[in-house]
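Remarks on the structure that follows.
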There are 2 protein chains.
Amino acid sequence: MNAAPDLNPFRPTKQRQVMLEELAKANHPTACELYERVRLRLHRIGLGTIYRNLELMAASGIILKLEVGGSQKRYDAQTEPHYHIRCSRCGLVENIDMHVIQNVIAAASRKTAYNIIGHHIEFTGECPKCQRKARNACLEQERSFV
Amino acid sequence: MNAAPDLNPFRPTKQRQVMLEELAKANHPTACELYERVRLRLHRIGLGTIYRNLELMAASGIILKLEVGGSQKRYDAQTEPHYHIRCSRCGLVENIDMHVIQNVIAAASRKTAYNIIGHHIEFTGECPKCQRKARNACLEQERSFV
DNA sequence: CTGCATGCAAACCGTTTGCATCCCC
DNA sequence: GGGGATGCAAACGGTTTGCATGCAG
């Protein structure tokens, strides 16, 4: 009699375990940011492993691959639908505590012949830190005028 | 007396003129797609010129650089704020004829300490063409079962 | 004539992939 | 022991950049 085939495609390795832990602690990290974090605990891990596992986890729905602006993809441990805000200066991405707008998909469905699967709202703006920096730079300049 | 400095940073070259014309005709093209179009009319143009000018035009607000999902950036001749829908299969990006949700920025402002500059809603789904393709592939398979 | 704009090609950066080795089941 | 997972490094695709030349003002 054959052993039942392994239906779960996910073998829980040390690398995957640490990746998930660090992803949960980090704030929408890029693959490289996650790599740096994980490397502090598993110093021989390769970037390829990070990318391969992120891809697998996203495909299986364990994590979310964020299709946000900017040149690098970001990853999120929170898989319930939610919106994001991205700082136009430093690129930081944060959750925005807003209810998903239920009507928006219905409205969009009425407008197109697409079979709509999902949606994402991304706000852009200056994060508090960058606002402070800009203000300080401004004061600096005023002072130099005196 | 000095001549007034050229305030418009934009020298209207043949390349820029053709780029803008083709961008207006194309449907949210990537830089490469625009390059192919422009090359039919100016066959010695280089990709570098395309990227450089797209960047300049976006910076000066003449066109829009779309921060949509996918690995390539896309560009849009329509600069008024509007939303997009992207096919999850073929990557096609189209405008969606929906009013910009005015309340959404106010709501987001209340929720964060960010200085919010803008927002973008991106829907994902299957475009009609890809839906047809999928349906046909399905029929094909059913037929092979008979 | 001057300096911005161009064509060309090399460099760059993020990501993917091939392969030998490792290790979990 | 076997097959999936890993580390490593090379390849890849999209974008940016340096430089000599061209061309608009």
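Because only heavy atoms are used, hydrogens play no part in the values below, and waters and symmetry mates are left out as well, while side chains stay in. Chain letters run A, B, ... following the sequence lines, proteins first and then strands; every chain starts at 1.
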Practice task
Report yes if the side chains of Met19(B) and Ile50(B) come closer than 4.5 Å at any heavy-atom pair, otherwise no.
Solution key: yes
Separation of [X] atom [atom1] from [N] atom [atom2], in whole Å?
X: Lys73(A); N: dG13(D); atom1: NZ; atom2: C1'; answer: 12 Å
X: Met19(A); N: dG7(D); atom1: CE; atom2: P; answer: 11 Å
X: Leu56(A); N: dT17(C); atom1: CG; atom2: C1'; answer: 14 Å
X: Met57(A); N: dA5(D); atom1: CE; atom2: P; answer: 11 Å
X: Ile50(B); N: dA9(C); atom1: CD1; atom2: C1'; answer: 17 Å
X: Arg39(A); N: dT6(D); atom1: CZ; atom2: C1'; answer: 16 Å
X: Tyr35(B); N: dC8(C); atom1: OH; atom2: P; answer: 8 Å
X: Leu42(B); N: dC8(C); atom1: CG; atom2: C1'; answer: 16 Å

Please enumerate all protein N or O atoms sitting under 3.5 Å from an N or O of nucleotides 19-24 of chain C, with distances to 0.1 Å.
none

Practice task
Report whether Leu54(B) and Val38(B) are members of the same hydrophobic cluster (ILVMFWY, side-chain heavy atoms less than 4.5 Å apart, transitive linking).
Solution key: yes
Exercise for the section: Please determine if a side-chain N or O atom of Gln15(B) lies less than 4.0 Å away from the OP1 or OP2 oxygen of dG7(C). Expected result: yes
Problem - Short side-chain N/O contact to dT6(C) OP1/OP2 from Arg16(B), under 4.0 Å - result: yes
Exercise for the section: Please determine if Glu94(B) and Arg86(B) form a salt bridge, counting it only when a charged side-chain N lies under 4.0 Å from a carboxylate O. Expected result: no
Problem - Parallel, tilted or perpendicular, as decided by the 30° and 60° cut-offs, for the rings of His28(B) and His84(B) - result: perpendicular
Can you give the donor-acceptor pairs under 3.5 Å from side chains of residues 62-72 of chain A to other protein atoms, not counting sequence neighbours?
residue: Lys65(A); atom: NZ; partner: Glu55(A); partner atom: OE1; Å: 3.2
residue: Lys65(A); atom: NZ; partner: Glu55(A); partner atom: OE2; Å: 3.1
residue: Glu67(A); atom: OE1; partner: Gly70(B); partner atom: N; Å: 2.9

Problem - Toward the 5' end of DNA chain C, by each residue's nearest nucleotide, Lys65(A) or His43(B) - result: His43(B)
Exercise for the section: For Asp97(A) and His82(A), test the side chains for any donor-to-acceptor distance below 3.5 angstrom and give the result as yes or no. Expected result: no
Exercise for the section: Using the side-chain hydrogen bond (donor to acceptor under 3.5 Å, both in side chains) rule, take His99(A) and Tyr83(A) through it: C-alpha gap first, then chi angles, then the decisive distance, then the call. Expected result: CA-CA 8 Å; His99(A) 289 116; Tyr83(A) 302 143; over 6 Å; no
Handout entry: Nearest-nucleotide comparison on DNA chain D, the residue closer to the 5′ end among Ser71(B) and Thr49(B)
Key = Ser71(B)
Completion exercise
Quick note, Asn53(B) side chain, CB onward, closest among dT6(C), dT16(C), dG7(C) is dT6(C)
